[in-house]
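Side-chain atoms are counted along with the backbone in the values below, which use heavy atoms only and exclude waters and symmetry mates.
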Amino acid sequence: MSTRLRNLFRAYACCGTLRFYVLAVTCVTLVLILLHCIAIDYENFGMPKAYIVRSVVDGCVLMLPILFLPVRYKKWWWGSIAVFTVWVLCQIWYSRTYHDFMSASSFFMTENVNTLLIKSTLYSMRAVDGTVVAVPLLCYVYYRIFLRSLVLQERWRWPLSMGVPAVVLLVMLPLFLYVECKKEQQQRVITSFAGRFTEPTSSNKMFFMEHNGLLPSIAMAIWSSSEDDAPLTQEELKNIKTFIQSNSQNVMSHFVVKCRQNRDKNLILIIVESLNSWVVDLKINGREVCPNLNACCRDSNAVVGLKMVPQVHAGRSSDGHLMYNTGLLPVATGATTMLRGDANYPSLAKAMPQYVHVNFSCEDGKLWNQKVTNASYGYEKYYNMFSLQKIVGKEEVIDQELFEGAARVIDSIKQPFMAQILTIAMHQPFTLVKRKTWISKSCKYNERVLNYLECVNYFDEAFGKFLKQLKRMGKYDNSVIVIVSDHNELDKNELDKRPTSVMSDKYCTFVVMNAGVAHRQKQPMGQIDVYPTILDLMGLNDYWWKGLGQSILLSPAVETAVTIDGEVVGNVHAPQVNRQKQAWSLSNTMIMKRYFDRNHQNSHAKQ
């Protein structure tokens, strides 16, 4: 027996295919480890032993075809390793902005590829990313010099000896996951084996891969996509109905009663790109960066929320548009507007059927499926960058031209109207605004922060001119004007030169002018709370769909928000917490299983 084992070992040692397999596994394992070091645990540059072993198992299983491919095809396997390397690089660059990994569907969003996206990607690149490319290149060089001729000289066969390591490796992964899960349960990282796949943090693909590995992540994505197309179960329908009915339990405040006077007023919804709330009242050398926005916040007739927790996910800006227009949270995997942009959503526009509904954007309509969602949200007219170019007679369209074009259209349409205006000036990497003002002369902040503040100042100036135009047209006093961030971007820790951020650094802005009431939200709120608040401010609290959030004008007061990862921001003992947590899974079910397409909204309206 010992002689046979020695002969088998000698055969393995001389086998070019097996040596190629070991090299490929080493390459993939090292790339996965680099992914963890650079993206998953970039702050501590740490490496748990469990992740290393999981990476080895992933590499062993992914490279199994090398053992069985005909000789003439083995060399082409380097192409799959190259594709894998590109995938890892994309995840690293994506995670630096979105703190998550890209879903498979995101790689097919060719409509989103434009100059701005390319600039943002280039900005996300770091020198350390070169190590991800260096590993497969070095492995390929080694293959060409030492293994290629040995592999090509072998005869293609399916020996039983090759099947032995293959079977062993296929058994390793589930066994290892089970053992690791038991350890993590003892350490209270997760509560159960099923919790590894179902607890809130499982919706974050970065977290999921860290705790489960690449192959389970792929399996989870396939399983989730198959579940999304299944019909709604009776239990799901019951949970949705119960949640909707629970909206009536909130107590109407005197604010809501007073806002009924706004019922026939115009609604102007300005969704501002990357507007962190820390810019409000910020001064450089005693001079305000955004004086017009500051004036709005100080107005005695305004609703102000400067502790709004960002709740966007893979869709980023489009997720913000979704929450504000429909009162729904983004789905757990992928970009909601790309996956279900054509759904029959209830919305602010549909709550005001007698209004004229117009939408203005600096994009071409393809980005984030805007042209499709424009109709889904109930807007009859969509003015994209090409429309605005004709209206203002300028080739470049950013915030100044956007507001100018919007003002001209608003001047010509009848009242009441709802106008949504989507700005772009503060989009990363903050290079759309070319001008340099007194802000750039400051030595207090680095170039990235100063560029962002230049963009904020540029937006604020354009916004101020827009308000003056509304007053000149006589439509200012008859309009409720909402200014809200689509998401956070440059967080306050960069301003303060701190290496890591906390949630208070990420707070977004929510301001309503001409609200008819004065209210300052002192506790955290979520982006999902904007939609029901606008309904109340417009005197539309009788609309059947009040969203999955809660109006900040109702009682009990909103004191918390829950992120997609299940983090509770604010008072963890607040009565809304459990409901806010449930809203995430409920929204995912309603959107992905097309609740609003399969269940007539009129049936709810009659209840």
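- The side-chain hydrogen bond (donor to acceptor under 3.5 Å, both in side chains) test with Y382 singles out one residue from K371, Q370, Q420, and that residue is Q370.
- Applying the side-chain hydrogen bond (donor to acceptor under 3.5 Å, both in side chains) criterion to Q521, with sequence neighbours excluded, gives H519.
- Every residue was checked against the ring pair (Phe, Tyr, Trp, His ring centres under 6.0 Å) condition with Y507, not counting sequence neighbours, and none meets it.
- When the side-chain hydrogen bond (donor to acceptor under 3.5 Å, both in side chains) test is applied to T326, no partner is found at least two apart in sequence or on another chain.
- Legend: residues meeting salt bridge (Lys or Arg N to Asp or Glu O under 4.0 Å) with E559, ordered by chain and number and at least two apart, are absent.
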Would V530 and M323 satisfy side-chain contact (heavy atoms from CB on, under 4.5 Å), going step by step from the backbone distance to the final call? CA-CA 8 Å; V530 169; M323 285 185 276; over 6 Å; no
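- With sequence neighbours excluded, no residue forms a salt bridge (Lys or Arg N to Asp or Glu O under 4.0 Å) with K265.
- For D542, the salt bridge (Lys or Arg N to Asp or Glu O under 4.0 Å) partners are R263, not counting sequence neighbours.
- For K238, the side-chain contact (heavy atoms from CB on, under 4.5 Å) criterion is met by T242, not counting sequence neighbours.
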Should C296 and F463 be marked as a side-chain contact (heavy atoms from CB on, under 4.5 Å) after you check the CA-CA gap, both sets of side-chain angles, and the distance that decides it? CA-CA 11 Å; C296 295; F463 170 62; 3.6 Å; yes
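- Using the six-membered ring where Trp is involved, F360 and Y383 have ring planes that are parallel, under 30° apart on the 30 and 60° scheme.
- With sequence neighbours excluded, the residues that form a side-chain contact (heavy atoms from CB on, under 4.5 Å) with P310 are N488, M503, K506, C508, Q527.
- In terms of the salt bridge (Lys or Arg N to Asp or Glu O under 4.0 Å) criterion, R520 has no residue partners (sequence neighbours excluded).
- In this pair, F466 and F403 present their aromatic rings tilted. The plane angle is within the 30 to 60° band.
- Scored by the ring pair (Phe, Tyr, Trp, His ring centres under 6.0 Å) test, F430 finds Y452 as partners (sequence neighbours excluded).
- A search for side-chain contact (heavy atoms from CB on, under 4.5 Å) contacts involving V502 returns S504, D505, not counting sequence neighbours.
- Taking the side-chain contact (heavy atoms from CB on, under 4.5 Å) definition, one finds that E235 meets it with T233, N239, sequence neighbours left out.
- Proximity of the aromatic rings of Y345 and W545 is defined here by a centroid distance below 6.0 angstrom, and this criterion is not met.
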